[in-house]
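What follows is a set of notes on a single structure, which appears directly below.
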Amino acid sequence: MTEFSPLEAHIRHLIATSGPMPVSRYMQLCLTHPEHGYYVARDPLGREGDFTTAPEVSQMFGELLGLWAASVWSAMGMPPEVQLIELGPGRGTMMNDALRAIRILPAFHEAIHVHLVEVSPTLRARQRETLGDTRPVQWHHLLEDIPPGPAIILANEYFDVLPVHQMVKKDTGWHERMIDVDDDIFVFTTAPDPAPRFEVLLPPQVRAAPSGAIFEWRAPTEIMTLARRIRDHGGAALIIDYGHLRSDAGDTLQAVAQHSYANPLRSPGQADITAHVDFQALALAAEDVGVRTHGPVEQGVFLNRLGIDTRAQTLIKHSSNVGAGDVASALLRLTDSGNKGMGSLFKVLGISHPSIETLAALSDLPLPPGPAAP
Ligand code: SAH
């Protein structure tokens with residue numbers, strides 16, 4: 001008889017007793033099951049891990065976000081105390097690089113209280129190691145656990161790990177995509193009945209999708225909590241992730257292990273399971289709460305506007321030949337729109353209290369003058 005991992009045995013038991021489970025529930029169990037979840041049990045980041053994120057590519061990323069935060073603090077009227085919050089901080093690299101860059105502005109540096117939202121005990125320990133004990137850091141399970149007060153919130157590759165629902169279009173309507181066991185393996189199936197009145201909530205371009213199309217959506221809990229906090233206590237947030245600017249139909253559920261794509265239905269809990277972020281849905285949910293949104297813009301555009309090129313030149317000037325090559329390739333990886341680059345696949349969305357009219361690097365630039373009218 002096949003030996004299953006404890007997590008796979010648990011999921012099989014749930015399906016055997018309660019029937020097929022939604023993709024979102026499966027994803028949640030795989031990633032954050034309190035004992036066997038992918039993130040709970042390991043540090044998946046870096047070259048020896050499963051995937052590499054922008055802060056792990058180069059210190060420039062966190063440094064520029066630190067300077068972006070400083071410009072927000074200034075737009076907030078330089079409050080004497082501000083919470084710098086990061087959602088899903090991984091190894092703590094981005095926060096560490098941001099805080100180092102912020103040291104050039106002592107008044108801001110002193111105003112900051114650092115709060116990290118992290119489910120994983122393994123990664124919390126790693127973050128503690130990275131950040132050292134030079135300043136107090138508080139960890140939380142949920143954003144709503146953080147005490148009130150003006151805040152600057154950063155989230156890189158966080159929203160993509162939040163559980164996603166998949167809906168399949170049929171003649172009868174949109175049916176939730178489920179996971180079942182068949183022939184002793186996990187397989188996709190659909191709920192027998194369509195989700196009631198689902199169609200009326202959809203933007204027209206998704207409603208028009210052909211039969212068989214898949215539409216992904218996430219519960220807006222997290223984005224609404226974030227937006228409510230900014231509306232009520234002031235500040236701004238920056239959400240960076242891979243995803244699309246406009247809600248669209250398409251199956252983007254993916255699993256990654258050891259830097260390669262894996263089958264999301266095999267070895268649950270052993271691979272990172274994610275789906276692209278729908279930036280239009282995030283922006284609409286935030287606006288409905290009553291905050292201002294900025295962008296989204298592509299990551300390459302955002303980093304170029306923040307001056308990543310100048311920072312790279314400075315680092316190159318102070319590096320050995322090998323180091324200079326590393327900086328140049330990191331710059332390309334972070335900003336390039338080509339196959340290997342994160343420049344256009346990743347988008348950046350800003351959210352602010354309505355009193356803040358612009359956020360650095362996120363306002364739409366005025367269009368260049370067009371050709372003179374005939
Ligand atoms: N931002 C980091 C790590 C991205 S990986 C970077 O860019 O390198 C996703 C992060 O979110 C990890 O730290 C993971 O443990 C955390 N995470 C995943 N699900 C979470 C949840 N439901 N609540 C809080 N943190 C979560």
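Whatever order the structure lists ligands and atoms in, that order sets their numbers, starting from 1. None of the values given here were measured: they were computed from a predicted structure.
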I need the nearest protein heavy-atom contact for [atom]: residue, atom name and distance, please.
atom	value
atom 7 (O) of ligand 1	Asn156 ND2, 2.8 Å
atom 4 (C) of ligand 1	Glu157 O, 3.4 Å
atom 15 (O) of ligand 1	Glu118 OE2, 2.5 Å
atom 8 (O) of ligand 1	Thr53 OG1, 2.5 Å
atom 17 (N) of ligand 1	Val119 CG2, 3.8 Å
atom 18 (C) of ligand 1	Val161 CG2, 3.5 Å

Next on the checklist: So, applying side chain to side chain contact (heavy atoms under 4.5 Å, CB included) with Ile239, which one of Asn156, Ile223, Val277, Leu87 is it?
Outcome noted: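 Going through Asn156, Ile223, Val277, Leu87 one by one, the side chain to side chain contact (heavy atoms under 4.5 Å, CB included) with Ile239 is satisfied by Ile223 alone.
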Next on the checklist: Ring centroids only, cut at 6.0 angstrom: are His13 and His10 within range, meaning strictly under it?
Outcome noted: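 Ring centres of His10 and His13 not closer than 6.0 Å.
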Checklist entry - Hey, do the aromatic rings of His115 and His140 have their centres closer than 6.0 Å? => result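 Between His115 and His140, the centre distance is under 6.0 Å.
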[X]: numbered ligand 1 atoms lying under 4.0 Å from its heavy atoms:
X	result
Pro55	6 (C), 7 (O), 8 (O)
Leu45	8 (O)
Leu123	12 (C), 13 (O), 15 (O)
Thr32	19 (N)

Item to check | Hydrophobic cluster identity match, Val57 and Leu45, side-chain contacts under 4.5 Å | outcome: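 No; tracing contacts between hydrophobic side chains, which count when under 4.5 Å, never links both residues.
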Next on the checklist: Assigning hydrophobic clusters by single linkage (Ile, Leu, Val, Met, Phe, Trp, Tyr; side-chain heavy-atom cutoff under 4.5 Å), is Met95 placed with Leu143?
Outcome noted: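 Unlinked, Met95 and Leu143 end up in two clusters.
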Item to check | Distance-only polar pair, side chains of Gln138 and His113, donor-acceptor under 3.5 Å | outcome: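 Absent: no donor and acceptor within the cut-off.
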Next on the checklist: With respect to Ser120, determine whether any N or O atom, backbone or side chain, lies less than 3.5 Å from an N or O atom of ligand 1.
Outcome noted: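 Among all N and O atoms of Ser120, none is under 3.5 Å from an N or O of ligand 1.
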Checklist entry - Mind checking whether Tyr39 has an N or O less than 3.5 Å away from an N or O of ligand 1? => result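 Tyr39 vs ligand 1: no N/O contact under 3.5 Å.
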Item to check | More than 12 heavy atoms from other groups under 6.0 Å of CD on Gln258 | outcome: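 Atom CD in Gln258 is not packed in, count stays at 12 or less.
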Checklist entry - What is the minimum heavy-atom distance between Thr190 and Lys170, and which atoms define it? => result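 Closest heavy-atom pair between Thr190 and Lys170: OG1-NZ, 2.7 Å.
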Checklist entry - Distance from Arg292 atom CZ to Arg231 atom CZ, nearest 0.5 Å? => result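 Interatomic distance, Arg292 CZ to Arg231 CZ, rounded to 0.5 Å: 15.5 Å.
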Next on the checklist: If you take the nearest heavy atom of each of Pro89, Gly90, Gly88, Pro44, which one is closest to atom 1 (N) of ligand 1?
Outcome noted: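 Heavy atom nearest to atom 1 (N) of ligand 1 belongs to Gly88.
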